[in-house]
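What follows is a short report on a single structure.
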Amino acid sequence: MGIMSEKRKLKEEDLYAPVRDYFENLGYTVNGEVLHCDATAVKENVLVSVEMKTSLNLDVILQAVQRQKAADFTYIAVPKNSQSMRRKRWQHICHLLKRLELGLLLVTLRKNGSVVEEAIQPIPFDRAKSISSARRKRKAMIHEIQERHGDYNTGGSTRKKLVTSYREMVIRIAVILKEYGPCAVKKIRVAGDLPEKTGQILIKNYYGWFEKEGRGVYRLTDKALDELENYPELTELYRRRLMEHEKTIKHTN
């Protein structure tokens, strides 16, 4: 209870002394509250501004961006919170700070000597490097787009089952099994002109739509028949394609 009570009483001004000592040790002259800046540090005509907050939020980021207009470098200083730093949101905020070229100081307050860590440097953001590091994700996004056969999701929706390329593939397989009844994997692949991964989809059965009836033979579950009704457009699309593909095979033979 005592620790929580101390955290609640923490004020922005509690961060000033550790931040001041940090920059003074680097040879800066430090002043508090200069024209609305929480702290400033000057050395050889280099001006650094620091905005201090008890938590890393949008308000302090907006303040820091305003300080960038006058300062050579701008930092945000907040208490170090290991629990917050483990969250995904923290990583996203840190990425935003890097994009904005803002520095981040983490302050650990201690009675026997506080510690200040420079978690992020206020240096120019390398967009090319950022894009390069996300190349795999970009490739996955483009692949997902190319594998889809229409736009069946509403942007911004939450708590809804999304129609991904994987779900489309499951629906394609389900349509075949609904039309032809229990089938071997090979027959499913030939009937729907489907790729090699069809067998793995049936085996893993993430949605619980398929049931093994014999060696390499699968059928639809009641769950699949019920849930297929949620995708009438896709079901009809793949049923038509199945019929067209069947005609093509007959004409070829």
Side-chain angles (χ1 to χ4, degrees), residues 58 86-96 99 127-253:
L58 182 59
R86 287 193 289 268
R87 295 171 186 156
K88 199 75 175 176
R89 184 174 182 274
W90 177 268
Q91 296 174 21
H92 294 164
I93 292 176
C94 286
H95 179 69
L96 175 61
R99 293 287 303 248
R127 180 161 168 74
K129 183 179 179 181
S130 176
I131 292 172
S132 177
S133 65
R135 192 174 292 150
R136 184 179 296 177
K137 186 172 183 179
R138 174 185 170 84
K139 186 177 179 181
M141 288 175 71
I142 291 174
H143 177 74
E144 174 68 19
I145 291 166
Q146 291 173 339
E147 288 293 302
R148 293 188 186 185
H149 295 83
D151 185 17
Y152 300 99
N153 302 314
T154 301
S157 60
T158 56
R159 297 179 183 177
K160 290 183 179 179
K161 291 181 179 180
L162 298 179
V163 181
T164 61
S165 60
Y166 185 87
R167 191 176 290 277
E168 280 195 30
M169 181 65 72
V170 171
I171 292 170
R172 288 174 70 181
I173 296 170
V175 167
I176 294 168
L177 291 174
K178 187 177 180 181
E179 290 294 319
Y180 298 141
C183 293
V185 176
K186 184 177 180 181
K187 182 178 178 180
I188 295 169
R189 285 188 55 223
V190 172
D193 193 23
L194 299 177
E196 290 282 348
K197 63 181 180 181
T198 302
Q200 285 301 308
I201 291 173
L202 288 159
I203 292 169
K204 291 178 180 177
N205 192 24
Y206 287 130
Y207 301 146
W209 280 23
F210 311 118
E211 194 169 71
K212 201 168 185 180
E213 190 171 86
R215 186 174 180 181
V217 176
Y218 291 85
R219 67 180 181 85
L220 287 181
T221 61
D222 291 338
K223 183 174 186 284
L225 292 169
D226 289 339
E227 293 186 0
L228 263 179
E229 294 181 6
N230 296 325
Y231 310 99
E233 290 180 67
L234 277 173
T235 301
E236 181 56 26
L237 170 68
Y238 292 129
R239 195 190 69 79
R240 287 200 311 269
R241 288 189 178 182
L242 182 62
M243 297 301 105
E244 289 168 5
H245 185 61
E246 187 178 297
K247 287 178 184 178
T248 304
I249 293 174
K250 285 180 180 179
H251 287 315
T252 303
N253 296 334

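Not measured: the values here are computed from a predicted model. Numbers here are sequence positions counted from 1.
Judged by distance alone, the side chain of Thr221 and the main-chain N or O of Trp209 form a donor-acceptor pair under 3.5 Å.
Remark: Arg138 engages Ile142 in a side chain to side chain contact (heavy atoms under 4.5 Å, CB included) (not counting sequence neighbours). Scored by the side chain to side chain contact (heavy atoms under 4.5 Å, CB included) test, Arg215 finds no partners at all (sequence neighbours excluded).
Separating the CG atom in Leu96 from the CG atom in Leu58 is a distance of 8.5 Å, to the nearest 0.5 Å. For the atom pair CD (Glu227) and CG (Asp222), the distance works out to 11.5 Å, reported to the nearest 0.5 Å. Interatomic distance, CZ of Arg172 versus OG of Ser165, reported as 10.5 Å (0.5 Å rounding). Atom CE of Met169 sits about 5.5 Å away from atom OG1 of Thr198, to the nearest 0.5 Å. Rounding to the nearest 0.5 Å gives a distance of 11.0 Å between CD of Glu213 and CG of Leu220. Rounding to the nearest 0.5 Å places NZ of Lys139 at 9.0 Å from CZ of Arg136.
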Next on the checklist: For Leu234 and Tyr238: C-alpha separation, side-chain torsions, deciding distance, then whether side chain to side chain contact (heavy atoms under 4.5 Å, CB included) applies.
Outcome noted: CA-CA 6 Å; Leu234 277 173; Tyr238 292 129; 3.6 Å; yes
Next on the checklist: Pair Lys204, Ile201 - check side chain to side chain contact (heavy atoms under 4.5 Å, CB included), show working.
Outcome noted: CA-CA 5 Å; Lys204 291 178 180 177; Ile201 291 173; over 6 Å; no
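The 12-atom threshold is exceeded at CG of Asp226, counting heavy atoms of other residues, nucleotides or ligands nearer than 6.0 Å. Summarising the local packing, CE of Met243 is surrounded by more than 12 heavy atoms from other residues, nucleotides or ligands at distances under 6.0 Å.
Stacking of Arg219 on the aromatic ring of Phe210 is not recorded, the 6.0 Å distance cut-off and the 45° axial limit not both being met.
The residue from His92, Arg99, Gln91 that alone fulfils the side-chain contact (heavy atoms from CB on, under 4.5 Å) condition with His95 is Arg99.
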Distance-only donor-acceptor hits, side chain of residues 174-195, under 3.5 Å, sequence neighbours excluded:
| residue | atom | partner | partner atom | Å |
| --- | --- | --- | --- | --- |
| Tyr180 | OH | Glu246 | OE1 | 2.2 |
| Arg189 | NE | Leu194 | O | 3.4 |
| Arg189 | NE | Pro195 | O | 3.3 |

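With salt bridges taken as basic N to acidic carboxylate O contacts below 4.0 Å, none links Glu244 and Arg241.
In this structure the side chain of Ile203 reaches within 4.5 angstrom of the side chain of Tyr218, judged on heavy atoms.
Side chains of Tyr231 and Glu168: a donor-acceptor N/O pair is absent below 3.5 angstrom, by distance only.
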